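Residue numbers begin at 1 in each chain, while the letters A, B, ... track the order of the sequences. Because the structure is predicted, anything quoted here is derived from the model rather than measured.
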Amino acid sequence: MQIQQFKSRARKVAEAEIEGFRKNLGPFVIAAESTRMPMVFTDAKTVGNPILFANESLLSLLGVGREEVIGQNFGSLIAGGLDSEMRAQVETAFSDSSDTSSDISYRRGDGAVVWAATFFGAVRNKKGELEQHFISLLDLTSHKAKEERLRLLLDELNHRTQNTLATVQSIAVQTLRGAADDAVVEVFEGRILALSRAHNLLGRDSWEDVSLRDVIGQVLQPFGLDDPRVDRFSVEGEDVRLEPKAALTLAMVLHELVTNAAKYGALSSAESGTIEIAWKIDPGPLGHQMRFRWQESGGPPVQPSGRKGFGSRLIEGALAHELNGEVCLSFGLAGLVCQIEMPIPLGLI
Amino acid sequence: MDTLSGRRVLIVEDEPMVAWMLHDMLANFGCVVVGSADRLEEGQAMIQELAIDAVALDLNLRGQMSYPLADMLVARAIPFVFTTGYPRTRLLEAYRAYPYLLKPYHRSAMREALLALFTPTAKAA
């Protein structure tokens with residue numbers, strides 16, 4: 001049994017190394033033994049990074065005996081297939097000269113999976129040569145389970161929101177039918193649906209920040225944004241992440257702009273008329289400023305209506321008040337132009 | 001002739017107000033609403049007893065998932081569209097490619113979804 005012999009030789013080498021460890025680092029080994037943080041030392045000079053030392057805490061986290069892990073390659077502890085993304089991360093962690101940390105899932109002795117934030121530190125000798133890796137783990141299993149529960153809760157919340165909006169839509173349609181113009185009902189319904197689509201987008205990303213391009217896509221899709229037969233939109237700008245509130249407001253603003261364009265502006269005639277959407281991000285010391293421009297052309301000449309409707313109120317008011325932005329709506333012969341300037345918090349770029 | 005007129009449609013929806021609106025929509029398309037179920041057992045009975053051309057199927061019926069109904073409909077080759085507030089990704093994998101409408105939806109979206117159910121060749125193309 002060649003392999004057996006080879007293994008036992010590797011084992012002997014490993015055991016000798018550990019003895020060396022204990023002699024050279026005496027108190028540190030005892031500290032590592034007794035700490036509650038799971039720890040491993042691996043041999044960086046041998047292919048596969050075999051484990052030289054594993055403390056009690058690691059053995060109990062993984063539910064294995066010491067003899068099962070000493071001399072084994074570190075990779076053997078990882079759950080999942082041989083070519084998993086996680087393995088690639090571990091490979092990188094070992095080959096990287098700097099200290100790295102990643103979330104890794106390990107296979108316990110009983111087959112269960114354990115998630116741990118894993119820190120890889122390089123241990124060098126006096127000559128600066130890489131000798132070992134010091135690896136410490138932080139058990140994330142309960143954290144991951146909580147995350148999963150939270151995601152399910154969020155899904156439920158989103159589900160309820162969508163259902164509530166469907167009920168509002170139903171109440172509106174049934175209350176207004178006969179009492180109001182069909183066109184009014186349609187506008188109201190359109191706004192509820194725009195709000196719902198924006199909520200859905202936010203729900204999909206767990207109510208964290210969302211991409212401006214996704215917001216634009218969500219609102220303009222019903223108007224033929226990605227339809228190859230409809231060549232009326234151009235969208236240009238480097239994608240930027242928006243906070244939920246900004247995304248919701250902007251979605252509602254875009255909805256008002258596009259429905260207005262469909263009724264009176266660039267999308268009102270079947271043949272011609274286009275909408276150019278472009279934005280730029282200007283960096284600033286306290287945060288970035290987005291300059292966003294919606295420009296219609298080729299439609300009938302437009303002029304502001306005397307009465308300030310919900311649409312212009314939303315466009316001018318919501319952006320100014322809620323997003324601390326500035327809006328300039330101009331009506332010209334070429335078509336409506338809406339310019340928006342709003343701050344983008346630093347963390348989101 | 002409109003391919004929706006005279007189609008016998010079953011509504012499975014646990015939110016009465018949404019069901020009423022859907023009822024009006026379907027009537028407006030010229031469909032015949034053969035029934036409206038708001039519970040799993042009720043839906044099962046209706047699918048067994050009624051002649052149905054298509055079903056608008058809510059996913060969550062008072063906390064119970066309507067997959068047993070979907071299974072029955074698949075077995076009987078009755079086309080259906082899921083109508084739900086859940087994202088498509090929350091659907092069981094086996095049903096993720098089935099016709100789906102996120103609630104709330106516009107009546108034109110329901111109309112298109114139903115038309116697609118009755119034109120399988122166009123859908124496959």
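We find the CE-OG distance between B:M25 and A:S170 to be 8.5 Å, quoted to the nearest 0.5 Å. Atom-to-atom distance recorded for A:S196:OG and B:H106:NE2 is 12.5 Å, nearest 0.5 angstrom. From B:Y105, atom OH reaches atom CD of A:E189 across 10.5 Å, with rounding to the nearest 0.5 Å.
Proximity to chain B among residues 171-184 of chain A is limited to A:I171, A:V173, A:Q174, A:R177, judged by heavy-atom separations below 4.5 angstrom. Of all residues spanning residues 250-258 of chain A, none has a heavy atom less than 4.5 Å away from chain B's heavy atoms. Proximity to chain B among residues 210-221 of chain A is not found for any residue, judged by heavy-atom separations below 4.5 angstrom. Within residues 147-167 of chain A, the residues that have a heavy atom under 4.5 Å from a heavy atom of chain B are A:L152, A:D155, A:E156, A:N158, A:H159, A:Q162, A:N163, A:L165, A:A166, A:T167, listed by number.
The contact between B:N60 and chain A is made entirely by side chain atoms (from C-beta outward), counting heavy-atom distances below 4.5 Å. Proximity to chain B involves both the backbone and the side chain of A:Q169, based on heavy atoms less than 4.5 angstrom apart. The contact between B:L102 and chain A is made entirely by side chain atoms (from C-beta outward), counting heavy-atom distances below 4.5 Å.
Remark: B:Y95 OH is packed, more than 12 non-hydrogen atoms of other residues, nucleotides or ligands lying under 6.0 Å away.
Between chain A and the options B:R90, B:M21, B:R107, heavy-atom pairs under 4.5 Å are most frequent for B:M21.
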